[in-house]
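Report on the structure given below.
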Amino acid sequence: MAEVRLENVTKFYKEERRVNYAVKEINLTVEQGEFVFLIGSSGAGKSTLLRLMSGELKPDEGIVCLNGANMARMVGPWRARALRNFGVVSQQGLLIRKRTVWDNLLLTAAAAGLRRKGADAARKALGIVGLPGVEECYPAELSIGESRRVELARAVLNSPSILLLDELTANLDDDLIWDLMHLLMELNSHGTTIVMATHASQYVNIMRRRVVTLVDGKLVGDVKNGKYGDIV
């Protein structure tokens, strides 16, 4: 079981004499097994919030806790073990373009400590996302939809407790988005926590899960069984 808690979390960037707040004074708890949509306009702070939750970024103020432990204080093997709770799909994509899909997955498996079982984990992950047979393809040979599925396969490879997904469905057609949503619901039904930043409003409205809304880096809405735009 894994719970992520943010307490008064602020992240800012200094540009010359100006301080720009990416997120400000965020208080948020995501419990194991939840499915959370993170919404807001571009620049609202969604990507920064996901990176803070995963431990990729450290807050300038406040704390991010995994199961009650401050992630900023985790070092060495304890930090590595904690980070394995997370599977991440970033907005930019993390596939190495000069490596095949298979090589990309095996590198991820090795980083997750799955050297001996890496091949089995990679095959299973590709099966989960419905992409057997693309192992020898390079990322440039894949469609946008296939690339995003490989990114998701990479994220689920070590069976993480929590998936943090940044615009997984961006630039995909409706059929592909719906297929991915069904896949995420299946993973969630087996206990995987999903936190998904998205602009896919019609799917948020159909699925009626928890909806967290950011505006200018501040949390302005947190609604159970919500719709896109709900703030109370």
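The figures here come from the full heavy-atom set of this structure, side chains too, leaving out hydrogens, waters and symmetry mates.
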To the nearest 0.5 Å, what is the distance between OG (Ser41) and CG (Asp216)?
7.0 Å
Testing the basics here: between Gly55 and Leu83, what is the closest heavy-atom pair and its distance to 0.1 Å?
CA-CD2, 4.4 Å
Nearest heavy atoms of Leu176 and Gly145, plus distance in Å:
CD1-CA, 4.0 Å
Ala170 and Ile144 have their tightest heavy-atom pair at O-CG2, 4.5 Å
Run the salt bridge (Lys or Arg N to Asp or Glu O under 4.0 Å) test against Glu31 and tell me which residues pass, sequence neighbours left out.
none
Does Val36 belong to the same Ile/Leu/Val/Met/Phe/Trp/Tyr cluster as Met196, with side-chain heavy atoms less than 4.5 Å apart forming each link?
no
Taking every heavy atom of Lys14 against every heavy atom of Val19, the minimum-distance pair comes out as CG-CG2, 4.1 Å
Using the rule given for side chain to side chain contact (heavy atoms under 4.5 Å, CB included), can you reason through Lys227 versus Val211, listing the C-alpha separation, both sets of side-chain angles and the distance that settles it, and then say yes or no?
CA-CA 7 Å; Lys227 295 190 295 183; Val211 176; over 6 Å; no
Show every salt bridge (charged side-chain N to carboxylate O under 4.0 Å, His left out) that has at least one partner inside residues 41-68, sequence neighbours left out.
Lys11-Asp60, Arg51-Glu56
ring-ring contact (aromatic ring centres under 6.0 Å, His included) contacts touching residues 34-59 (sequence neighbours left out):
Phe35-Phe37
I'd like to check Leu165 versus Leu152 (side-chain heavy atoms, cut-off strictly below 4.5 Å). Are they in contact?
yes
Using the salt bridge (Lys or Arg N to Asp or Glu O under 4.0 Å) criterion, which residues pair with Arg209? Sequence neighbours excluded.
none
May I ask you to test the Val129-Leu183 pair for a side-chain heavy-atom distance under 4.5 Å?
yes
Atom CG of residue position Asn20 - does it have more than 12 heavy atoms of other residues, nucleotides or ligands inside 6.0 Å?
yes
Within 6.0 Å of CZ in Arg208, more than 12 heavy atoms from elsewhere:
yes
ILVMFWY network linking Ile162 to Leu49, side-chain heavy atoms under 4.5 angstrom
yes
Atom pair CD/CD of Glu167 and Gln92 - distance to nearest 0.5 Å:
10.5 Å
Before you tell me yes or no, could you show the steps for Leu168 and Leu184 under side chain to side chain contact (heavy atoms under 4.5 Å, CB included), namely the whole-Å CA-CA distance, both residues' side-chain angles and the distance that decides it to 0.1 Å?
CA-CA 11 Å; Leu168 174 67; Leu184 295 177; 4.1 Å; yes
Backbone of Arg99 reached by a side-chain donor or acceptor of Asn104 within 3.5 Å:
yes
Donor-acceptor under 3.5 Å (Gln32 side chain, Gly191 main chain)
yes
Check the hydrophobic clustering (I, L, V, M, F, W, Y; side-chain heavy atoms under 4.5 Å; chains of links allowed) and say if Val223 and Val212 are grouped together.
no
Is the closest side-chain heavy-atom distance between Val156 and Thr192 below 4.5 Å?
no
If we only count heavy atoms from C-beta on, is the Leu214 to Ile26 side-chain gap below 4.5 Å?
yes
Verdict with supporting geometry, Ile96 and Asp103, side chain to side chain contact (heavy atoms under 4.5 Å, CB included)
CA-CA 9 Å; Ile96 301 171; Asp103 288 341; over 6 Å; no
Is it possible for you to say whether Ile128 and Ile177 belong to one hydrophobic cluster, with membership spreading through side-chain heavy-atom contacts below 4.5 Å?
yes
Do you know the tightest heavy-atom contact between Gly229 and Ile39?
N-CD1, 3.4 Å
Check whether any side-chain N or O of Thr213 sits under 3.5 Å from a backbone N or O of Gly40 as a donor-acceptor pair, and report yes or no.
no
So Val195 and Glu34, do their side chains get closer than 4.5 Å, heavy atoms only?
no
Once side chain to side chain contact (heavy atoms under 4.5 Å, CB included) is applied, do any residues pair with Arg84, and if so which ones, sequence neighbours excluded?
Asn158
In chain order, what residues pass the salt bridge (Lys or Arg N to Asp or Glu O under 4.0 Å) check against Asp179, with sequence neighbours excluded?
Arg149
I need the full list of ring-ring contact (aromatic ring centres under 6.0 Å, His included) pairs touching residues 149-205, with sequence neighbours left out, sorted by first then second residue.
Trp178-His182, Trp178-Tyr203
Backbone N/O of Gly33 and side chain of Thr193: donor-acceptor pair under 3.5 Å:
yes
Are any non-hydrogen side-chain atoms of Val4 and Val64 less than 4.5 angstrom apart?
yes
In terms of heavy-atom contacts, Leu105 and Ala153 come closest through CD2-C, 4.2 Å
Tell me, please, which residues at least two apart from Asn205 pass side-chain hydrogen bond (donor to acceptor under 3.5 Å, both in side chains).
none
Any chance you could measure Asn27, atom CG, to Asp222, atom CG, to the nearest 0.5 Å?
11.0 Å
Looking at CD1 of Ile194 and CZ of Arg210, how far apart are the two atoms once the value is rounded to the nearest 0.5 Å?
14.0 Å
Could you identify which residues cluster with Trp78, counting Ile, Leu, Val, Met, Phe, Trp and Tyr as linked when any side-chain heavy atoms lie under 4.5 Å apart, either directly or through a chain of such contacts?
none
For the residue pair Met53 and Val30, establish whether any side-chain heavy-atom pair is separated by less than 4.5 Å.
yes
Under a 4.5 Å side-chain heavy-atom rule over Ile, Leu, Val, Met, Phe, Trp and Tyr, are Leu50 and Leu187 clustered together?
no
Glu7: which residues meet the side-chain hydrogen bond (donor to acceptor under 3.5 Å, both in side chains) condition with it, sequence neighbours left out?
Arg5
Measure the CZ-CZ distance between Arg148 and Arg154 for me, rounded to the nearest 0.5 Å.
11.5 Å
For Tyr21, all residues meeting ring pair (Phe, Tyr, Trp, His ring centres under 6.0 Å), sequence neighbours excluded:
Phe12
More than 12 heavy atoms of other residues, nucleotides or ligands under 6.0 Å from CG of Asp173: is that the case?
yes
Taking only residues at least two apart or on different chains, which pairs with a member in residues 125-138 satisfy side chain to side chain donor-acceptor pair (under 3.5 Å)?
none
Just so I know, are the side chains of Leu94 and Glu151 near enough to count as touching, which here means a heavy-atom distance under 4.5 Å?
yes
Looking at CG of Leu180 and CG of Asp175, how far apart are the two atoms once the value is rounded to the nearest 0.5 Å?
11.0 Å
